[in-house]
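Residue numbers count from 1 along this sequence.
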Amino acid sequence: MASRPSLKSKPKGKGGKRGSSAAEDEQSTAAVAVQLAKEWSTWTMKTAKVVAHWGFIPLIIVVGMTKGDEPKPSLLQLLSPV
């Protein structure tokens with residue numbers, strides 16, 4: 001009877017990566033670069049979301065102040081509740 005192929009990885013001998021080849025090193029470097037790109041893009045998107053969330057209304061106020069006609073209220077008058 002033929003033996004079945006196993007999906008489990010077989011443990012390597014003692015010593016870890018003694019005989020690692022240049023191709024394996026390139027793959028691990030590429031994997032690290034991909035992981036860093038994913039982390040950077042995730043951080044960028046989260047930061048952009050926060051900036052858009054908290055910066056939209058102030059942006060509208062500033063655009064309205066610069067594009068509008070007279071009378072132009074001061075920034076303190078815009079931000080005060082009275």
(request) Decide whether I61 and F56 are clustered together by the hydrophobic rule: side chain heavy atoms of Ile, Leu, Val, Met, Phe, Trp, Tyr closer than 4.5 Å, transitively. (result) yes
(message) What's the separation between atom CG in L59 and atom CH2 in W54, rounded to the nearest 0.5 Å?
(response) 15.5 Å
(request) Find the distance between NZ (K46) and OG (S41) and round it off to the nearest 0.5 Å. (result) 10.5 Å
(message) Any side-chain to backbone donor/acceptor pair from E39 onto L36? Under 3.5 Å, distance only.
(response) no
